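Each remark here refers to the structure printed beneath this line.
None of these values were measured; they are calculated from a predicted model.
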Amino acid sequence: MSRRTVSRREALTTAGAAAAVLASPPLLGAINRKPNVIVVLADDLGYGDLRSYGGRVIKTPELDRMARAGARLTSFYASANLCTPSRAGLLTGRYPIRTGLAKDVIFSDSNSGLPLSEITIPELLKPDYRSALIGKWHLGHISPYWPPTVHGFDEFFGLPYSHDMKPLALYDQRAPGVELTSEDVVLAKLSERFFDRAHRFVEENAKNPFFLLLALTAPHLPLDPHPNHAGHSAAADYGDVVEEVDAQMGRLLGKLRKLGIDRDTLVLFTSDNGPWLVGSSGPLRDRKGGGGWEGGYRVPLIAHMPGKVRAGLVSDAIAMNFDILPTIAAMANIRLPAGVAIDGRDLSKVLSRNAHSPHDELILFNNEDVSAVRTDRWKCVVRAYYREYDWEIVNEGYPLLFDVKADPSEIYSVATKYPDVMKAMMARVARAKSDFAPLHARPPSPN
C-alpha cells in the first residue's frame with residue numbers, strides 16, 4: 001500500500017476522533033452509543049419485485065413487515081444502471097464517474113478497480129467501528145485493489161465478482177493482512193452462507209459499533225434456488241431466490257432483536273440496479289443497463305431502526321445510494337472528509353421526520369455520459385439505447401420531458417406543454433455535462 005494511502009487513513013482517524021466532540025447530535029434521535037449499520041444489497045432486484053412496492057407474484061412477508069415497521073422510499077436510485085459503478089457510488093458517496101469506474105463492469109480478466117485514494121464508508125468510520133464485507137465485491141480482484149480489506153474492511157467473506165464469471169471461488173479473510181483462504185462455491189447455498197456469516201459477525205461485535213455491507217448475489221442470474229425454497233414461488237426460480245432472501249431478512253432482524261441491539265442498528269435493504277433478463281421493474285420503463293429510463297436505476301430502499309426511523313413512513317423524496325455514506329456519517333457524529341467532492345446528502349431527516357429531499361436534482365449516467373436529470377417532479381431524458389445505437393435523443397430533435405409524479409412510466413413527453421420547464425431542465429443537463437465531461441475516460445489511479 002502506498003505512503004499516500006496510509007497517511008490519508010491516519011488523517012481520517014484523527015478527524016474522526018475530533019468529530020466525536022465537535023459534531024452535532026444525531027438527527028435520528030437520541031442514541032446512547034454510535035449506531036450499528038447493516039446495508040443489505042440485493043443484486044439485480046427489481047423495483048416491482050417486492051409486495052411493498054406493488055409486486056403481486058413473489059411473496060415477501062418479512063420485507064413487507066420491515067417496511068411497515070420502518071420507512072420505504074419510492075424515489076430511491078442506484079448511482080448507476082450496472083453493478084460495478086453502482087457499488088462504487090454506494091461505498092464512496094460520489095457519482096461513480098469521479099472514481100474512474102463509471103464505464104461498464106469489471107470482468108474476470110479486467111485489471112481495474114476502486115482506487116485506494118477513494119475514501120470508503122469503513123475507512124470513514126475508523127477507528128470506532130469494526131467493518132465487514134460479506135458477499136459480492138466487484139470493485140477489483142487484483143492488486144492493489146484486492147482484497148476488500150485494503151479499502152478499510154476488517155473482515156471479508158465472499159466473491160471477487162459476479163457469480164456468472166469464471167474462475168470463481170469463495171474467499172475468507174478474518175483480518176487485514178492475514179492469509180486469504182478460498183473454497184469452492186455451491187451456488188444453491190450461497191445466500192444461506194452469506195447470512196450465516198453475517199449472524200456470526202453481528203454476534204461477535206454486538207457490544208461495539210459495527211458496519212456490515214451484506215452484498216448478496218441474489219437474484220442475479222444464474223438462478224439456483226436453495227433446496228428449502230425450490231419450487232415454491234409462482235415466479236419460478238427467480239421468485240424462489242427472492243423468497244429465500246426475504247426469509248433470511250426475517251432471520252437477521254430476529255437476530256438483532258434477540259441480541260437486544262435492534263434499536264441501536266440501522267438496517268437498509270436495497271438493490272444495486274434494476275432487474276436484468278427476469279424480474280419486475282413494476283410500472284417503470286426499461287431494465288438494468290437501459291440508458292436514461294427509470295427501470296434501470298430506481299430501486300427499493302427500506303430502512304429499519306425502531307424508535308429512530310419513523311414506522312410506516314413512505315416518502316417520495318428523491319435520493320440515491322451515494323446518500324448512504326453521509327447518512328451514516330451524520331448518525332455516527334463523524335464529519336465528511338475534507339477536500340473530497342461528496343455528492344451524497346444526509347437522509348436522516350427524511351427517514352425520521354419525512355422531510356423533503358436534500359437534493360435539488362439527481363443525475364443519471366449511462367457509462368460516463370449524462371443520460372437524464374431528475375428533479376422532484378420532472379425528468380429530462382437525453383440518451384437511450386435503440387437497437388445498436390447509443391442514441392443522444394435531444395440532438396435528433398426529440399426532447400423528452402416527463403412529469404414523473406403523474407407519469408412514472410415515462411410514456412408521454414410533455415416538453416411542448418411546458419417549454420419553460422424543458423428549457424430549465426436542459427440547462428441542468430448542460431451544466432451536468434460541463435461538470436463531468438473532464439472526467440470522461442479518466443483511468444483510475446490506484447493510489
Side-chain angles (χ1 to χ4, degrees), residues 9-41 70-71 90-93 119-135 148-149 151-157 173-176 194-195 197-215 249 252-270 303-309 321 323-337 342 344 346-348 351-352:
R9 291 179 181 172
E10 290 173 348
L12 278 173
T13 299
T14 303
V21 177
L22 298 174
S24 58
L27 290 172
L28 285 181
I31 299 175
N32 295 326
R33 46 164 281 186
K34 290 183 182 293
N36 310 314
V37 181
I38 300 176
V39 177
V40 182
L41 184 66
L90 186 157
L91 273 176
T92 65
I119 299 170
T120 64
I121 294 173
E123 289 179 310
L124 188 65
L125 296 178
K126 287 187 178 299
D128 300 318
Y129 280 71
R130 182 169 177 83
S131 301
L133 170 63
I134 297 174
T149 50
H151 295 278
F153 289 102
D154 298 299
E155 183 176 329
F156 168 60
F157 179 73
Q173 188 178 37
R174 290 304 306 271
F194 291 156
F195 274 97
R197 183 59 172 265
H199 282 232
R200 187 170 87 176
F201 176 79
V202 168
E203 289 173 346
E204 291 174 348
N205 296 279
K207 295 182 179 180
N208 298 293
F210 63 79
F211 168 69
L212 168 62
L213 176 56
L214 179 52
M249 284 300 300
L252 180 60
L253 293 173
K255 171 64 71 174
L256 298 177
R257 290 192 295 270
K258 183 177 180 180
L259 293 171
I261 59 172
D262 57 318
R263 300 180 73 86
D264 298 314
T265 306
L266 174 67
V267 182
L268 301 174
F269 180 88
T270 187
H304 181 274
M305 189 176 189
K308 311 299 187 299
V309 172
N321 70 3
D323 293 326
I324 291 175
L325 181 148
T327 302
I328 295 173
M331 293 180 62
N333 283 351
I334 295 175
R335 287 180 173 172
L336 297 177
I342 299 295
D346 174 22
L347 298 179
S348 295
L351 297 176
S352 62

Review point. Does the pair Leu41 and Leu214 meet the rule for a side chain to side chain contact (heavy atoms under 4.5 Å, CB included), with working shown?
Key: CA-CA 6 Å; Leu41 184 66; Leu214 179 52; over 6 Å; no

Practice item. Start with the C-alpha gap between Val202 and Leu256, add the side-chain angles, then the distance that decides, and say whether side chain to side chain contact (heavy atoms under 4.5 Å, CB included) holds. Key: CA-CA 8 Å; Val202 168; Leu256 298 177; 3.8 Å; yes

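Phe156 is linked by a ring-ring contact (aromatic ring centres under 6.0 Å, His included) to Trp146, counting only residues two or more places apart in sequence or in another chain. Residues meeting the ring-ring contact (aromatic ring centres under 6.0 Å, His included) test with Phe210, sequence neighbours left out: Phe201. Looking at residues two or more places apart in sequence or on another chain, you find a side chain to side chain contact (heavy atoms under 4.5 Å, CB included) between Arg200 and Arg174, Arg197, Glu204. Residues forming a side-chain hydrogen bond (donor to acceptor under 3.5 Å, both in side chains) with Ser131 (at least two apart in sequence, or on another chain): none. Take Glu203 and apply the salt bridge (charged side-chain N to carboxylate O under 4.0 Å, His left out) test, not counting sequence neighbours, and it matches Lys255. For Asp154, the side-chain hydrogen bond (donor to acceptor under 3.5 Å, both in side chains) test picks out Lys126, with sequence neighbours left out.
Screening Ile121, Leu90, Thr120 for a side chain to side chain contact (heavy atoms under 4.5 Å, CB included) involving Leu325 leaves a single residue, Ile121.
Using a 4.5 Å heavy-atom cutoff, the side chains of Val309 and His304 are not in contact. Proximity of Leu133 to Thr149: side-chain heavy atoms (C-beta onward) are nowhere separated by under 4.5 Å. Considering only heavy atoms from C-beta on, Phe195 comes within 4.5 Å of Met249 through its side chain. The shortest side-chain heavy-atom distance between Leu124 and Ile334 falls under the 4.5 Å cut-off. In this structure, Arg33 and Pro209 have side chains that are in contact, with non-hydrogen atoms separated by less than 4.5 Å. A 4.5 Å side-chain heavy-atom check between Ile134 and Leu212 finds at least one atom pair inside the cut-off. A 4.5 Å side-chain heavy-atom check between Leu266 and Pro35 finds every atom pair outside the cut-off. Between Phe211 and Asn36, the closest side-chain pair of non-hydrogen atoms is not below 4.5 Å.
Shown here for Leu125 and Ala332, the closest heavy-atom pair between the two residues is CD2-CB, 4.3 Å. Here the shortest heavy-atom pairing between Ile119 and Pro337 reads CD1-CB, 3.5 Å. Closest of all the heavy-atom pairs between Asp264 and Gly260 is OD2-O, 4.2 Å. Nearest heavy-atom pair across Pro148 and Phe153 is O-CD1, 3.5 Å. Ser348 and Met331 make their closest contact through OG-CG, 4.1 Å (heavy atoms, listed as atom of the first residue, atom of the second, distance). Between Gly344 and Asp323 the shortest heavy-atom distance is CA-OD1, 3.2 Å.
Separation of atoms CE (Met305) and CG (Leu268) is listed at 10.0 Å; rounding is to 0.5 Å. Rounding to the nearest 0.5 angstrom, the gap separating the CZ atom in Arg257 from the CG atom in Asp262 is 7.0 Å. Taking CD of Gln173 as the start and CD of Glu155 as the end, the distance is 9.5 Å to the nearest 0.5 Å. Atoms OG1 and NZ, on Thr265 and Lys308 in that order, are 10.0 Å from each other to the nearest 0.5 Å. Interatomic distance, CG of Asn208 versus CD1 of Ile261, reported as 10.5 Å (0.5 Å rounding).
The backbone N or O of Leu347 sits less than 3.5 Å from a side-chain atom of Thr327, completing a donor-acceptor pair.
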